[in-house]
Number of protein chains: 2
Amino acid sequence: MMLPDAEIQHLDNIVNRGKPMDKGDMLFSAGQSMISIFAIRTGCIKTYTVSPEGDEQITGFHLPGEIVGLDAINSERHPSFAKAMTTSMICEIPYQKLDDLTAVMPGLRRQMVKIMSQEIMEEQKLLLLLNRKNANERLAAFLLNLSARYGKQGFSSSRFNLVMTRNEIGNYLGLALETVSRLMSRFHEDGLIRVQNREIDILDFDALYELAGIPCHKD
Amino acid sequence: MMLPDAEIQHLDNIVNRGKPMDKGDMLFSAGQSMISIFAIRTGCIKTYTVSPEGDEQITGFHLPGEIVGLDAINSERHPSFAKAMTTSMICEIPYQKLDDLTAVMPGLRRQMVKIMSQEIMEEQKLLLLLNRKNANERLAAFLLNLSARYGKQGFSSSRFNLVMTRNEIGNYLGLALETVSRLMSRFHEDGLIRVQNREIDILDFDALYELAGIPCHKD
DNA sequence: CGTCTGATTGACAAATTTCAAATGTAGTGG
DNA sequence: CCACTACATTTGAAATTTGTCAATCAGACG
C-alpha cells in the first residue's frame, strides 16, 4: 500500500519515526492486541498467517512506502505475524491517534479508506494469480511485480536482490521450493533473466510479461 | 462483511432500499465509475474479476448482510463485476453521502474501516486455503463456510441449497468442475454429506472440520 | 418431446510435489 | 585463515494430484 508523500507529512506529528529493526525481529505477532499500524521506511517486512495445523502462509512481502497491520483493525487483534526480513526502518503509527486525526482531516480519512480498498484489490489480483495461473506464470508475475515496486522507489527495476529465499517465494506463490528453483534455472537458460542466488537481472521484460499473461502489444 | 443492525439503522436515511434484482442482473461491471457500494438484504451476489486473457475468477459469493463494491473505493472505478445469482434485494449506498456521514459519525467511520479490515482478513484466509490446501480440504472448508454463514442468518446450517454451479465452485476454489463433482460424490459415499444436485445435507460436521484442517477437539 | 445446461464418471495426460542426494554459501569460533 | 556447521539451492527420478477430454446422464423448460 503506497502512502503519498503529502499524507506522510500529516502523519509525521503522530508517528514514532525511525524504529530500527534487525533481520528476524518481529513487528507484531498473531493474537497480540493491535496498538499501532506500521509504515515501512526502508527494508522489507514479511507478513504471514499460521494455520491451525501450523503451516505458515506468507501473505505479503512489504517494501518501503507500504503499510502493514491493516488486517488487525477489525478485531483489534493482529490475525497475522510481521517479521523483518532485513534490517529495516519502521514508522509506528498509533492507531488510536490516527483514528482521532481522521475525524478532523477528511483527506486523511479518505486516504486511509483508499489504502484499505487498494489492499483488497491487490489481494484479489493475487487470488486470480494463484487460482488461474500455472507455476511459470506465477513466478513471472512475481518477478515483474517486485521489479515494478523497486522501480517505483527509484531503484533499478531490471536488477535487484531477492530478500527472500526460494522457500519463501514458493510459500507465497503456492509452489514447492524445488519448483521455484527449477523455474529460475529455466528462465535463466531461456534468457529471460540472469540469476545467481539472490541476485536477479531481468533481461527480457517483454517475454516475462507475455509469460505472466500481461500482453504488452498484441496478444 | 457483516454490518451490525445498529449501524444499518444509521444508514437507513441515505440508502436506496429495496432495489430488486433478478437472477443474472448486474450490480456493476469492471470499469464503471463507482457511485455506490451495495449491501445485500436477501439473495446471493457473486463478484468476479476477468484477467487480460478473459479468464473469469470469482472472488466471492456474497450473502445477506454483506457489502460489495469496497474494492472500488481506491480508484473510484469498479475493478470487478457483481452479478445476482438469484432474485435478490439490494441496498444501494451512495458513496459520496456515506463518506460525508462518516465525518460526523465516528461510530460509522470506525465501522466502515472495520468492515474493510475484515474483508482483508477474509481474503487472507482464502489465500491460505488456496495455497496450502488440497482439493479435499478446500471443498470441505467451502461447505463449512457456507454452512456457518447460513447459520448466522438463522437458516439451517446443516441443510441448504447451493446457489452456485459446480463450475462456479471450482472456479472459486481453483479446481476443475469435474474435481468438485468427484469430491462431492466422494463425500457423499463416505457419509460426510448427502448431496443431490444443489441440495446439501451436512451429516458429519466433525469429520468435515477435520478434513478442512480445523480440528475441533484434539488434533 | 426435444433441447439445453449442468452433473457425473472414466480414462488418460500433464503439471507439480515429494523424496533423495549433491553442491554451494555464509557464518562461527578455534 | 581454515575447518566446521547449518542452511539454502540445485538437480534428478518417481509418485501423486489434479486437469483435460470424452461420453453419458439427469433435470428444467419451452
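Here the structure is a predicted model, which is why all the values come from computation and not from measurement. Quick note on labels: first sequence line is chain A, next is B, and so on, each numbered from 1.
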### Query
Under a criterion of less than 4.0 angstrom to any heavy atom of chain A, what are the 5'-terminal and 3'-terminal contacting nucleotides of DNA chain C?
dT16(C) to dT25(C)
### Summary
Rounding to 0.5 Å, atoms CD1 (I58(B)) and CG (N167(B)) come to a distance of 7.5 Å
### Message
So, using salt bridge (Lys or Arg N to Asp or Glu O under 4.0 Å) as the criterion, who are the partners of D201(A) when residues are at least two apart?
### Response
R159(A), R194(A)
### Task
Please find the earliest and latest nucleotides of DNA chain D, in the 5' to 3' direction, that have an atom within less than 4.0 Å of any heavy atom of chain A.
dA8(D) to dA13(D)
### Query
For E123(B), what residues pass the salt bridge (Lys or Arg N to Asp or Glu O under 4.0 Å) criterion, not counting sequence neighbours?
none
### Query
Does any pair with a residue in residues 122-152 of chain B pass ring-ring contact (aromatic ring centres under 6.0 Å, His included), and if so which ones, sequence neighbours excluded?
F142(B)-Y172(B), Y150(B)-F160(B)
### Task
Tell me what G174(B) touches on the nucleic acid: a base, only sugar-phosphate, or nothing, going by heavy atoms under 4.0 Å.
sugar-phosphate
### Message
Minimum heavy-atom separation for E119(B) and I67(B), please, with both atom names.
### Response
OE1-O, 4.2 Å
### Query
For residues 14-39 of chain A, which residue pairs qualify under ring-ring contact (aromatic ring centres under 6.0 Å, His included), counting only residues two or more places apart or in two chains?
F28(A)-F38(A), F28(A)-H78(A)
### Task
Kindly state which residues belonging to residues 178-198 of chain B come within less than 4.0 angstrom of DNA chain D, counting heavy atoms of the residue only, listed by number.
E178(B), T179(B), R182(B), N197(B)
### Task
Could you tell me whether L175(A) contacts a base, only the sugar-phosphate backbone, or nothing, with contacts defined as non-hydrogen atoms closer than 4.0 Å?
sugar-phosphate
### Summary
Hits for salt bridge (Lys or Arg N to Asp or Glu O under 4.0 Å) against R182(A), two or more places apart or cross-chain, chain-then-number order -> none
### Message
Does atom CD (E76(B)) have a neighbourhood of more than 12 heavy atoms from anything else shown, all under 6.0 Å?
### Response
no
### Task
With sequence neighbours excluded, give me every side-chain hydrogen bond (donor to acceptor under 3.5 Å, both in side chains) pair touching residues 127-143 of chain B.
E53(A)-K133(B), Q57(A)-R132(B), N171(A)-R132(B)
### Query
What residues form a salt bridge (Lys or Arg N to Asp or Glu O under 4.0 Å) with R198(A), not counting sequence neighbours?
none
### Message
Which residues pass the side-chain hydrogen bond (donor to acceptor under 3.5 Å, both in side chains) test with E168(B), not counting sequence neighbours?
### Response
K46(B)
### Task
Could you pull out the closest heavy-atom pair between L139(B) and V180(B), with the gap in Å?
CD2-O, 4.2 Å
### Message
What verdict does the side chain to side chain donor-acceptor pair (under 3.5 Å) test give for S36(A) and E92(A), after you've listed the backbone C-alpha separation in whole Å, the side-chain angles of each residue and the deciding distance to 0.1 Å?
### Response
CA-CA 6 Å; S36(A) 300; E92(A) 182 175 357; 2.9 Å; yes
#### Entry: Terminal helix-axis angle for the helix from dC1(C)-dG30(D) to dG30(C)-dC1(D), with five pairs defining each axis and rounding to 10 degrees
40°
